[in-house]
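Working notes, beginning with the structure itself.
Lettering of chains follows the sequences in order, A, B, ..., and the numbering in each one begins at 1.
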Number of protein chains: 2
Amino acid sequence: MSQREIAKQENRQKIKDAAANIIRREGIEKLTMRYLADIAGVSLRTPYNLFGSKTEVLFALLEDAGVLLTQGLISQSEDLAVGRLFSSLNAMEAHVRKDDEFYQTVYWGVMASDQVEIRRTGYERLIELSQGFVAEAIANKEINSDINSDEFGKHIGILLMSILGMWGSGYFGSKECAAHIRRSWCASFLTVATRKSKQHLMNEMSH
Amino acid sequence: MSQREIAKQENRQKIKDAAANIIRREGIEKLTMRYLADIAGVSLRTPYNLFGSKTEVLFALLEDAGVLLTQGLISQSEDLAVGRLFSSLNAMEAHVRKDDEFYQTVYWGVMASDQVEIRRTGYERLIELSQGFVAEAIANKEINSDINSDEFGKHIGILLMSILGMWGSGYFGSKECAAHIRRSWCASFLTVATRKSKQHLMNEMSH
DNA sequence: TAAATTTGTATAACATGTTATAATTGTCAA
DNA sequence: TTGACAATTATAACATGTTATACAAATTTA
């Protein structure tokens, strides 16, 4: 990595740190580009050079937090694919809950922006992840083999994204959010579950 | 109604008409307050006097369209409460589908705003509506009497609002939106359905 | 080392939502 | 009819996201 690239990364980091600090300490209303540049010790132009827009600064915070990169959180210790899906939901919840208001604020900042592309990126990632789980569950004979894997996976992913969206809007906290996701996932899976996974789902349902 | 009040209502209508026309003909990006005032033939101040903010102008469009006042759409011809719930979803879909892009745009304009109160108003209304249906379904013995009516009703309402939110974000159209709502509702109701409603729900599920 | 290139800075500017202010107009009540 | 009041207008202003421009500094490359 060249000197230039190093300096860039440092500036990126300074800006992200400043943004996070402002949001935490003074609230997102105070996060203006001028103030951000000021606190980060760079010029107003620099965040635009390095991120593109205010929304993309916020998106970078989310990415760093790994909220969108849930792969890393997935538990390996479950034998059922369905079980792993729920574990990853639990891990996500536990992770976000430590700093609920912050994540919620940042998530909303990204999702409520008019930059459609960024939103769509988030959607696609999580839906592909869901579809992967469903495909695995079918291969595993945890759910009926006659259902359309991609379609059902998409539905599961959309439930996740939808309810996350409502969490972002501040209507409820991460605990209640996870409960609604869990409940709707259980219900959906139960409509296609085989004997192998039914018991697990019933347990999961009773939370 | 006094002259003054009449003039006010006329101005409100002129502004709403102008807003709808701009959105339809030129897209919501062109809907600036200055241009809106211009097209409506009023001063820049007037929309603020009569509505309060840009978001509230959009909200008024939604209200006029009855998207939030779904009560009027509810079919009376079903004997099951659960059946009526799904009918009202169908009616809503049919209504919105006639002008999908327009409603979607306006809905998003309202929901993505930072005016939390307005969002919450929309949420509360639909959730109360859902809770009413669920209470009725319990009274009707269509679903198990040992479940918590308010809690389950809220869950149903949240599924609706969440998925509507994703529709608003432009991820899918009203047809797919309704399909996801229907599917998730069926799955949820099936977990608590009695013999009386199970068959209906299975039919509904197969779309 | 010196020119070329990239990156950041300073400053101004623009569009837009929103608010302030003062003047004007229309309505209503006496 | 006329004075009081309310609503509307015209105009300017402010904050904020974003872009433009000209210049300076750092870094790479020849």
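- Side-chain contact check for B:Cys186 versus A:Thr191: every heavy-atom pair is 4.5 Å or farther apart.
- Listed in residue order, the members of residues 18-39 of chain B having a heavy atom less than 4.0 Å from DNA chain C are B:Leu31, B:Thr32, B:Met33, B:Arg34.
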Let's go through A:Gln9 and A:Gln13 carefully: what are the C-alpha distance in whole Å and the side-chain angles of both, what is the deciding distance for side-chain hydrogen bond (donor to acceptor under 3.5 Å, both in side chains) to 0.1 Å, and is it a yes or a no? CA-CA 6 Å; A:Gln9 294 311 319; A:Gln13 197 56 50; over 6 Å; no
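- Here A:Glu63 pairs with A:Arg125 in a salt bridge; the nearest charged N to carboxylate O distance falls below 4.0 Å.
- A salt bridge is absent between A:Arg24 and A:Glu101: the closest approach of a Lys/Arg side-chain nitrogen to an acidic carboxylate oxygen does not fall below 4.0 angstrom.
- The two residues B:Met161 and B:Leu126 have their closest heavy-atom pair at SD-CD1, 3.2 Å.
- Residues from residues 43-58 of chain B with heavy atoms under 4.0 angstrom of DNA chain C, sorted by number: B:Leu44, B:Arg45, B:Tyr48, B:Ser53, B:Lys54.
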Should A:Gln131 and A:Ser149 be marked as a side-chain hydrogen bond (donor to acceptor under 3.5 Å, both in side chains) after you check the CA-CA gap, both sets of side-chain angles, and the distance that decides it? CA-CA 7 Å; A:Gln131 286 174 328; A:Ser149 163; over 6 Å; no
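- B:His200 pairs by the side-chain contact (heavy atoms from CB on, under 4.5 Å) definition with B:Glu78, B:Leu80, B:Glu204, not counting sequence neighbours.
- Residue B:Trp167 is tested with B:Trp108, B:Tyr103, B:Tyr107 for a ring pair (Phe, Tyr, Trp, His ring centres under 6.0 Å); the sole match is B:Tyr107.
- The heavy-atom pair separating A:Ser113 from A:Arg119 by the smallest distance is O-NH2, 3.1 Å.
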Which letters describe nucleotides 24-30 of chain D, given B = protein heavy atom under 4.0 Å from base, S = only from sugar-phosphate, - = neither? --BBS--
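- Both cation-pi conditions hold for A:Arg12 and A:Phe51: the charged atom is under 6.0 angstrom from the six-membered ring centre and inside a 45 degree cone around its axis.
- In this structure, B:Arg84 is not positioned above the aromatic face of B:Phe133 in the sense of NZ or CZ being under 6.0 Å from the six-membered ring centre and within 45° of the axis.
- For DNA chain C, the contact window with chain A, defined by any atom under 4.0 Å from a protein heavy atom, covers C:dT5 to C:dA13 in 5' to 3' order.
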Enumerate donor-acceptor pairs with a distance under 3.5 Å from any side-chain N or O in residues 151-160 of chain B to protein atoms, sequence neighbours excluded.
{"from": "B:Lys154", "atom 1": "NZ", "to": "A:Glu176", "atom 2": "OE2", "distance (Å)": "2.8"}
{"from": "B:His155", "atom 1": "ND1", "to": "A:His180", "atom 2": "ND1", "distance (Å)": "2.9"}

